[in-house]
Amino acid sequence: QTLPVGVDCQAVVPDFATAAVASDSCSSVLTRSQTPAAGSSVSVGTHTVTVSVTDESGNVGTCTVTLTVIDNNAPVGDCPAERTVDAGLGCQVAVPDFTAALLATDNCTAAEALVKTQSPAAGTLLNAGAAQTLTATFTPADPANYIGGTVATTNDVTKAAAEVRA
């Protein structure tokens with residue numbers, strides 16, 4: 001069975017023991033249990049749940065269930081503020097590095113561990129005067145735990161027109 005994590009990056013183990021089908025030809029009283037217990041919290045990853053059925057004589061039958069917990073919650077970002085950048089003598093603007101100003105959080109990955117990238121990359125030269133849009137994207141540092149794609153935020157970069165001096 002596959003379960004998504006909650007906001008705390010944990011999933012609650014379901015009650016597999018109650019659903020277990022068991023019979024015993026010599027005993028009418030069967031006690032079911034499981035480890036980890038139903039209602040326990042588990043983190044992202046694959047977990048083995050052992051279900052046991054015990055009869056009145058103490059005989060135990062067991063089976064295992066694989067429980068897979070996935071992180072399918074995308075990180076959340078807050079766009080950096082818009083900036084106006086003056087064109088240099090060559091009528092071009094170097095794209096600033098917006099990644100430090102991109103505030104990001106995730107339910108399973110610490111903010112400082114998130115990998116932030118931007119496109120176009122910092123330092124890319126853009127021509128002055130043309131409408132340009134900078135898209136900053138970020139992804140969790142643990143993409144094996146996150147099922148999904150990158151999250152993008154868009155920031156318009158407004159460039160001032162180049163000055164003409166006589």
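Keep in mind the model is a prediction, meaning the values are calculated, not measured.
- The OG1 atom of T64 lies 11.0 Å from the CZ atom of F16; values are rounded to the nearest 0.5 Å.
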Review point. Should V5 and C108 be marked as a side-chain contact (heavy atoms from CB on, under 4.5 Å) after you check the CA-CA gap, both sets of side-chain angles, and the distance that decides it?
Key: CA-CA 9 Å; V5 295; C108 290; 3.9 Å; yes

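- Considering every non-hydrogen atom in both Q34 and V49, the closest pair reads NE2-CG1, 4.0 Å.
- The two residues Q118 and V95 come nearest to each other via the heavy atoms NE2-CG1, 3.5 Å.
- T18 contributes no side-chain N or O that, together with a main-chain N or O of D15, makes up a donor-acceptor pair within less than 3.5 Å.
- The CG atom of L3 sits 8.5 Å away from atom CD1 of I70, with the distance rounded to the nearest 0.5 Å.
- At least one donor-acceptor pair closer than 3.5 Å links the side chain of N107 to the backbone N or O of G6.
- A heavy-atom distance below 4.5 Å is not found between the side chains of V53 and T62.
- For the pair V69/H47, a side-chain contact is recorded, criterion being any heavy-atom separation below 4.5 Å from C-beta on.
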Exercise for review: Evaluate the side-chain contact (heavy atoms from CB on, under 4.5 Å) criterion for residues N59 and T54: first the C-alpha distance (whole Å), next the side-chain angles of each, then the deciding distance (0.1 Å), finally the verdict.
Suggested key: CA-CA 6 Å; N59 298 313; T54 307; over 6 Å; no

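- The shortest distance between side-chain heavy atoms of P14 and L67 falls below 4.5 Å.
- For the pair P75 and T109, the minimum side-chain heavy-atom distance is 4.5 Å or more.
- Heavy-atom minimum distance, P4 versus A11: O-CB, 3.8 Å.
- K116 places no side-chain N or O within donor-acceptor distance of the main-chain N or O of A100, the cut-off being under 3.5 Å.
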Exercise for review: Test side-chain contact (heavy atoms from CB on, under 4.5 Å) on V42 and V12 and set out the steps.
Suggested key: CA-CA 6 Å; V42 290; V12 176; over 6 Å; no

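- S41 and Q10 are not linked by any side-chain donor-acceptor pair at a separation below 3.5 angstrom, with hydrogens and angles left out of the test.
- Within the model, atoms CG of L30 and OG of S52 stand 12.5 Å from one another, a figure rounded to the nearest 0.5 Å.
- Once rounded to the nearest 0.5 Å, the distance linking CG of L103 with CG of L114 reads 11.5 Å.
- Side-chain contact between R32 and V51: absent, with no pair of heavy atoms (C-beta onward) separated by less than 4.5 Å.
- At a threshold of 4.5 Å between non-hydrogen side-chain atoms, the residues V44 and C9 count as touching.
- Side-chain atoms of E56 and D24, non-hydrogen and from C-beta on, never get closer than 4.5 Å to each other.
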